Amino acid sequence: MTRPAPTRSFTGWHMFAILLAMFGTIIAVNFVMARYALGTFGGTVVDNSYVASQKFNRWLAEARAQQTLGWKLDVHVGTDRAVRIATRSPMGPLYGATIDAVATHPLGRAPEQRLHFVNTGGGIFASDRPLPDGRWLLRIEVREGRNVARFDDQVGA
């Protein structure tokens, strides 16, 4: 049996087009993925993992102590963009607590905001100034007497 002759021959230009399409696709996908990676990177959790490992046992002890307090926070942003925090403990609201927070933008596009809270009564606290529009990560520190608790929360839209 004889094989029919190809109607067109495979040339160097065909191979060039195949290689160009293949590497073009790979490069395009890499650029898209790199853009997504850089656009969604929220930063590092710790700057130096060795130093963090040295503090790990202390952090665990603080977390256990905080858990035994049983404190809970309800955090929300009002229409006036002021942050309001309702406190709860097993014994009731935290009437005599002092609350401070640092608000950071998740992508670092806005400068961090330091917030101090004023007791508005009934264990509810309001920030002394409003937050700018956007999503914010709050690192909240609650103190009552010798007890200290730290909470992380996210507010805004």
Side-chain angles (χ1 to χ4, degrees), residues 18-157:
I18 290 170
L19 287 174
L20 187 64
M22 181 182 68
F23 283 111
T25 302
I26 291 169
I27 291 169
V29 167
N30 282 337
F31 275 114
V32 168
M33 296 307 248
R35 184 180 181 284
Y36 283 135
L38 291 174
T40 59
F41 180 63
T44 58
V45 176
V46 292
D47 292 326
N48 186 329
S49 59
Y50 177 74
V51 172
S53 72
Q54 302 300 307
K55 299 177 182 177
F56 186 72
N57 287 336
R58 180 176 51 92
W59 291 343
L60 282 178
E62 289 174 358
R64 281 189 211 104
Q66 177 174 328
Q67 194 171 22
T68 59
L69 291 174
W71 293 355
K72 305 282 186 219
L73 301 181
D74 292 322
V75 182
H76 69 278
V77 177
T79 56
D80 59 353
R81 300 295 302 163
V83 179
R84 288 182 178 70
I85 299 176
T87 60
R88 294 187 324 264
S89 76
M91 308 302 278
L94 300 173
Y95 296 109
T98 58
I99 301 178
D100 292 305
V102 175
T104 56
H105 196 267
L107 298 177
R109 293 188 179 143
E112 76 177 25
Q113 309 281 324
R114 295 205 173 273
L115 300 174
H116 301 286
F117 289 82
V118 178
N119 191 341
T120 59
I124 299 173
F125 296 79
S127 62
D128 58 349
R129 60 190 172 106
L131 272 178
D133 287 336
R135 182 178 296 169
W136 293 90
L137 301 174
L138 292 178
R139 179 144 297 179
I140 304 165
E141 183 176 278
V142 181
R143 293 181 178 273
E144 186 177 56
R146 297 180 70 184
N147 296 321
V148 179
R150 290 175 183 85
F151 300 89
D152 292 328
D153 208 326
Q154 183 172 306
V155 295

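As the structure is a computational prediction, the values presented were derived from the model and not from experiment.
With rounding to the nearest 0.5 Å, the separation of CD in E141 from CZ in R150 is 4.5 Å. Rounding to the nearest 0.5 Å gives a distance of 10.0 Å between CG of D74 and CD1 of I85. Atom CG of residue N119 and atom OG1 of residue T87 lie 8.0 Å apart, to the nearest 0.5 angstrom. In this structure, CG in L73 is found 5.5 Å from CD1 in I140, a value given to the nearest 0.5 Å. For the atom pair CZ of R129 and CD of Q113, the computed distance is 4.5 Å after rounding to the nearest 0.5 Å.
Surrounding CE of M22 are more than 12 heavy atoms belonging to other residues, nucleotides or ligands, all under 6.0 Å away. R58 CZ: more than 12 foreign heavy atoms inside a 6.0 Å radius. Atom CD of Q67 sits in a sparse spot, with 12 or fewer heavy atoms from other residues, nucleotides or ligands closer than 6.0 Å.
Checking side-chain atoms of T104 against main-chain N and O of E112 turns up no donor-acceptor pair under 3.5 Å.
With a 4.5 Å cut-off on side-chain heavy atoms, F125 and V142 do not count as touching. Under the 4.5 Å side-chain criterion, counting only non-hydrogen atoms from C-beta, L138 is in contact with L115. Taking 4.5 Å as the limit, some side-chain heavy atom of W136 sits within range of a side-chain heavy atom of H105.
The two residues F117 and A101 have their closest heavy-atom pair at CE1-CB, 3.7 Å. Scanning both residues, L94 and S89, for their nearest heavy atoms gives CD2-CB, 3.8 Å. When every heavy atom of G70 is checked against every heavy atom of P90, the shortest pair comes out as O-CD, 3.5 Å. Here the closest heavy-atom approach between residue G122 and residue P93 is recorded as O-CB, 3.7 Å.
Residues meeting the side chain to side chain donor-acceptor pair (under 3.5 Å) test with E144, sequence neighbours left out: none. Listed by chain and residue number, D152 satisfy the salt bridge (charged side-chain N to carboxylate O under 4.0 Å, His left out) test with R139 (two or more places apart in sequence, or in another chain). Checked against side-chain contact (heavy atoms from CB on, under 4.5 Å), P130 has the following partners two or more places apart in sequence or in another chain: R81.
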